[in-house]
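First the structure, in the form of structure tokens, and then the observations on it.
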There are 2 protein chains.
Amino acid sequence: MKHAPLIAQDHLRCADCAIRHKAVCAYCEPPELAKLDAMKSYRTFQAGETIVWAGEEVEVLGSVVSGVATLSRTLPDGRRQMVGLLLPSDFVGRPGRRTAPYDVVAANEVMICQFIKPKFERLVSATPALERRLLDMTLDELDAAREWMLLLGRKTAREKIASLLVIIARRDAALNNTPIGDGLRFTLPLTREAMSDYLGLTIETVSRQISALKKAGIIILEDSRHVHVPDFVALLDEAGDDSDGGFIS
Amino acid sequence: MKHAPLIAQDHLRCADCAIRHKAVCAYCEPPELAKLDAMKSYRTFQAGETIVWAGEEVEVLGSVVSGVATLSRTLPDGRRQMVGLLLPSDFVGRPGRRTAPYDVVAANEVMICQFIKPKFERLVSATPALERRLLDMTLDELDAAREWMLLLGRKTAREKIASLLVIIARRDAALNNTPIGDGLRFTLPLTREAMSDYLGLTIETVSRQISALKKAGIIILEDSRHVHVPDFVALLDEAGDDSDGGFIS
DNA sequence: CCAATAGTTTGATCTCGATCAAGGTAAGAA
DNA sequence: TTCTTACCTTGATCGAGATCAAACTATTGG
């Protein structure tokens with residue numbers, strides 16, 4: 001049987017597309033999947049707004065359409081570690097679980113394409129292709145988490161910063177459908193504090209290492225949020241390894 | 001419909017049991033699942049033996065029956081970080097993926113209950129309950145990985161050691177069906193070097209912190225591998241948080 | 001028995017990133 | 001405009017954990 005892609009360029013734009021993508025093709029899509037279209041709704045969160053509180057019952061799940069959200073855990077004494085970064089097309093929520101063990105917070109204005117959980121789960125149960133797709137997405141998240149463990153446990157502050165820049169640059173390029181190469185330009189969607197939470201560092205160290213990369217000519221800062229990378233390979237080199245960060249599936 | 005547990009005490013003993021557990025019950029098990037019994041075979045690996053090389057094609061998957069295996073990633077310059085610990089009943093292998101991005105190594109003598117991958121995957125495709133169970137197990141692994149990210153990014157060396165001891169103690173107790181409490185006694189299945197790889201520390205720091213916990217009376221060492229915990233709550237307290245480590249699902 | 005090997009512990013010193021502290025910058029409100 | 005607030009940068013100092021070095025323990029094999 002011939003398989004044609006169900007969604008092309010804009011498969012990142014909303015949750016049901018992100019979920020259907022790869023799960024099925026235009027020729028063999030189970031009719032149940034079309035129901036996703038009817039079920040979805042959109043919701044916007046402001047920067048800093050908490051989308052899900054750790055331990056709280058979650059009644060909704062979906063995926064990020066635009067903006068950036070963070071997953072983070074906090075120790076009783078306030079130490080915080082980000083455990084995931086949700087960029088457009090990433091899935092939010094845990095199918096089959098009642099609560100999340102971490103906070104989900106909007107880093108900037110975030111639009112979510114969402115489904116009512118029980119409805120969505122009923123559809124999943126009835127649609128093996130959807131179940132398979134969710135497993136596939138969860139394996140990608142697991143790879144990303146393990147890649148991050150290597151970074152947290154063994155990389156230097158400078159390598160951590162470079163690695164984060166590489167990931168953001170790659171995702172940014174993928175989102176805009178532009179090739180990755182020299183002369184790359186992108187916007188940091190995170191504050192220095194959020195970066196420090198992600199990298200297991202302090203704000204000051206993040207700021208210092210970014211300044212150091214700037215001084216070394218690896219990056220050029222137009223302002224604190226706008227990065228220009230004249231030589232992408234040089235940045236990759238600073239990251240300590242050449243893996244794809246587990247974020248490309 | 002009434003649900004009865006399919007497997008009781010010994011559900012940890014082999015892969016098809018670990019996988020069937022929770023997926024189904026004695027009354028509603030799909031007939032396909034019985035095929036797991038016919039497909040499984042056992043294989044033993046010596047301590048230090050590599051079960052799967054990073055990037056290598058994997059033709060087999062299954063779960064740990066006895067012993068301990070580790071998942072680890074290595075940077076080009078040799079720095080190593082363990083990204084997962086496989087204790088009895090844990091699943092090995094990535095359904096639907098051709099290769100693994102990390103090495104799987106036997107920490108001591110390990111017995112695996114294994115399935116031939118294509119056969120297993122065909123069965124999975126035909127058995128939605130199995131697919132769901134795999135998703136559930138993968139979500140547990142993801143939770144554990146994220147818990148570990150918090151440890152790697154934000155905990156002190158002492159808290160890291162205490163956290164690892166708590167996890168091993170809990171798994172050990174679960175395996176032997178004994179309650180967790182004071183007067184706990186267990187064997188460390190890892191060398192100091194493996195612990196340092198897991199915790200993002202050096203061997204020396206691991207050794208020193210274990211000595212410090214011993215001096216503080218939190219643990220009593222019968223020899224370097226045999227630990228006695230007089231007061232479990234005191235150990236928990238040293239771990240910095242009271243979560244279950246994501247290892248209990 | 002001794003030698004060799006692998007793992008563990010302890011000490012001395014160094015260094016990277018944390019901490020403490022002070023300014024700088026940009027955007028919005030009064 | 002000036003005040004406020006949030007965010008970012010830079011400097012000085014400190015300390016937890018790394019590194020370097022040596023000794024100790026247990027096991028295996030000749």
Side-chain angles (χ1 to χ4, degrees), chain A residues 46-49 75 77-81 105-109 151-164 187-216 219-227 238 240, chain B residues 46-49 75 77-81 105-109 151-164 187-216 219-227 238 240:
Chain A
Q46 295 310 306
E49 199 176 339
L75 250 16
D77 64 4
R79 283 175 284 175
R80 193 181 319 149
Q81 175 64 49
V105 181
N108 44 36
E109 191 174 293
L151 175 143
L152 289 171
R154 294 302 183 194
K155 288 192 178 179
T156 64
R158 181 161 175 151
E159 290 169 333
K160 286 178 175 181
I161 295 287
S163 300
L164 180 58
T187 303
L188 291 174
L190 302 174
T191 64
R192 299 290 187 261
E193 184 177 30
M195 290 188 227
S196 71
D197 283 341
Y198 202 13
L199 300 170
L201 298 170
T202 58
I203 300 182
E204 295 95 324
T205 298
V206 168
S207 185
R208 267 188 257 272
Q209 295 300 332
I210 288 178
S211 297
L213 287 175
K214 191 175 66 179
K215 217 162 289 172
I219 58 173
I220 295 161
L221 282 190
E222 285 151 26
D223 66 52
S224 73
R225 293 295 193 96
H226 292 88
V227 182
E238 292 288 339
Chain B
Q46 296 309 307
E49 200 176 339
L75 251 15
D77 64 3
R79 283 175 285 174
R80 193 181 318 147
Q81 175 65 47
V105 180
N108 44 37
E109 191 174 293
L151 175 143
L152 290 171
R154 295 300 182 194
K155 287 191 179 179
T156 65
R158 180 160 177 155
E159 289 169 333
K160 287 177 175 181
I161 296 286
S163 300
L164 179 59
T187 304
L188 290 174
L190 302 173
T191 64
R192 299 289 187 262
E193 184 177 27
M195 288 188 229
S196 71
D197 283 342
Y198 201 15
L199 300 170
L201 298 169
T202 58
I203 300 180
E204 295 94 325
T205 299
V206 169
S207 184
R208 267 187 257 272
Q209 294 300 333
I210 288 178
S211 298
L213 287 176
K214 190 174 66 178
K215 217 162 290 172
I219 58 173
I220 296 160
L221 281 190
E222 284 150 26
D223 66 51
S224 73
R225 292 296 194 98
H226 292 87
V227 181
E238 292 288 338

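Here is the naming used below: chain letters follow the sequence lines, and residue numbers restart at 1 for every chain.
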Query raised in the report: Between the main-chain N or O of A/T202 and the side-chain N or O of A/R192, is there a donor-acceptor pair closer than 3.5 Å?
Result: no
Query raised in the report: Whole Å only: how far is the CG atom of B/L188 from the P atom of C/dG7?
Result: 15 Å
Query - Sugar-phosphate or base contact per nucleotide [nucleotides 11-20 of chain C; S, B, -; heavy atom under 4.0 Å] - result: BB----SSBB
Query raised in the report: Among pairs that include at least one residue of residues 152-162 of chain A, which meet salt bridge (charged side-chain N to carboxylate O under 4.0 Å, His left out), considering only residues two or more places apart or in two chains?
Result: A/R154-B/D197, A/K155-A/D241, A/R158-A/E238, A/E159-B/R79
**Report entry** Spacing of B/D223 atom CG relative to C/dT8 atom P, expressed in whole Å
**Finding:** 10 Å
Query raised in the report: Got B/V227 and B/I220 here, is their nearest side-chain heavy-atom distance under 4.5 Å?
Result: no
**Report entry** Segment of DNA chain D, first to last nucleotide, that comes within the 4.0 Å heavy-atom reach of chain A
**Finding:** D/dC8 to D/dA12
Report task. Check every strand shown and say whether A/S207 touches a base, only sugar-phosphate, or nothing at a heavy-atom separation below 4.0 Å. Result -> base
Query raised in the report: Do the non-hydrogen side-chain atoms of B/N108 and B/L190 ever get within less than 4.5 Å of each other?
Result: no
Query - Atom of A/P189, atom of A/A107 and distance for their closest heavy-atom approach - result: O-CB, 4.0 Å
**Report entry** Under 3.5 Å donor-acceptor, A/Q81 side chain and B/L151 backbone
**Finding:** no
Report summary line: Taken to the nearest whole Å, CZ/B/R192 to C1'/C/dT10 is 13 Å
Query raised in the report: Hey, does A/I210 have a side-chain heavy atom less than 4.5 Å from the side chain of A/M195?
Result: yes
Report summary line: So OG1 of B/T191 and CD1 of B/I203: to nearest 0.5 Å the spacing works out to 7.5 Å
Requested in this report: For B/K214 and C/dT10, give me the distance from atom NZ to atom C1', rounded to whole Å.
Outcome: 11 Å
Query raised in the report: Is there a side-chain contact between A/L201 and A/Q209 (heavy atoms, below 4.5 Å)?
Result: no
Requested in this report: Please list all pairs passing the salt bridge (charged side-chain N to carboxylate O under 4.0 Å, His left out) test where one or both residues lie in residues 198-214 of chain B, with sequence neighbours left out.
Outcome: none
Query - side-chain contact (heavy atoms from CB on, under 4.5 Å) involving B/S207 - partner list, sequence neighbours excluded - result: none
Report summary line: All stems that DNA chain D takes part in, i.e. 3 or more consecutive Watson-Crick or G-U pairs with distances under 3.5 Å, are C:1-30 with D:1-30
